[in-house]
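Contents: one structure, followed by commentary.
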Amino acid sequence: TKFGTRRVCMIGAVISCAGILLSAFSPNVIVLILTYGVIGGFGQGLMYVPACVSAGFWFEKKRALATGVATCGSGVGAFILAPLIRYLEDNNGWKGVNIVLAGFCLQCAVFGATMRPLKKEYSNTDITDENKLGNESNSE
């Protein structure tokens, strides 16, 4: 929780959008692999992990169910997007599809903004460390 799920998801959405958008202008397969696969995939990972992890923090009794539902979202999305992508490709070509997918990824920044931040929970060691730091600064 150093950066927070909200921030990581939003940054991932922007990175993924940039990678997939750049892939639409790829002059060759190597650039396509780097932009869509590496940059876009990195951004997708930054979106996926916080979405799945954050569900577990908000549900204590049904944590496994919440994590399972959050994880199933990617499978359902792939199931729904496959025919949509085929339709868009038939009408707009693969470059047009990548531009639309980049827009979908950018929309995930809005979804990331709706993630509630986790409350800071202090453990006994955190309180002890803060007391030590407070005592050291007072003694100087």
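What you see below is based on every heavy atom in this structure, not just the backbone, and it leaves out hydrogens, waters and symmetry mates. Residue numbers count from 1 along this sequence.
Here the straight-line distance linking atom CG of L22 with atom CD1 of I39 works out to 6.5 Å at 0.5 Å rounding. Of the inter-residue distances, the one linking Q44 atom CD with I15 atom CD1 reads 11.5 Å to the nearest 0.5 angstrom. The CE atom of M115 lies 10.5 Å from the CE atom of M10; values are rounded to the nearest 0.5 Å. One distance of note links CG of L88 with CG of N98; it measures 10.5 Å at 0.5 Å rounding. The distance from the OG1 atom of T5 to the CG atom of L46 is 12.5 Å, given to the nearest 0.5 Å. The CD atom of Q107 sits 11.0 Å away from the SG atom of C17 when rounded to the nearest 0.5 Å.
Nearest heavy-atom pair across T71 and C52 is OG1-SG, 3.8 Å. What you find for W94 and S23 is that their closest heavy atoms are CZ3-O, 3.5 Å. Annotation for V8 and P50: closest pair CG1-CG, 3.6 Å, computed over non-hydrogen atoms. Nearest heavy-atom pair across C108 and C9 is O-SG, 4.2 Å. Scanning all heavy atoms of the two residues, the minimum distance from C105 to S16 falls at SG-OG, 3.3 Å. Shortest non-hydrogen contact noted between A102 and I20 is N-CG2, 3.8 Å.
T114 contributes a side-chain N or O that, together with a main-chain N or O of F111, makes up a donor-acceptor pair within less than 3.5 Å.
More than 12 heavy-atom neighbours from other residues, nucleotides or ligands sit within 6.0 angstrom of CZ on R6.
Between R86 and L81, every side-chain heavy-atom pair lies at or beyond the 4.5 Å cut-off.
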### Chi angles and distances behind the side-chain contact (heavy atoms from CB on, under 4.5 Å) call for F59, L65
CA-CA 9 Å; F59 298 92; L65 179 64; over 6 Å; no
### Message
The test is side-chain contact (heavy atoms from CB on, under 4.5 Å); show your working for Y87 and V97 and say whether it passes.
### Response
CA-CA 9 Å; Y87 173 78; V97 171; over 6 Å; no
### Message
With side-chain contact (heavy atoms from CB on, under 4.5 Å) as the criterion, how do I80 and L84 come out once you've worked through the C-alpha distance, each side chain's angles and the decisive distance to 0.1 Å?
### Response
CA-CA 7 Å; I80 292 171; L84 177 64; 5.9 Å; no
### Query
Under the side-chain contact (heavy atoms from CB on, under 4.5 Å) criterion, do L21 and I99 qualify, and how do the steps go?
CA-CA 5 Å; L21 186 63; I99 292 170; 4.0 Å; yes
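By the criterion of side-chain heavy atoms lying less than 4.5 angstrom apart, applied directly or through intervening Ile, Leu, Val, Met, Phe, Trp or Tyr residues, I11 is grouped together with F42 in one hydrophobic cluster. If you chain together hydrophobic residues whose side chains sit under 4.5 Å apart, F104 and V14 never meet in one group. The cluster map of Ile, Leu, Val, Met, Phe, Trp and Tyr, joined by side-chain heavy atoms under 4.5 Å apart, puts I30 and V38 in the same cluster.
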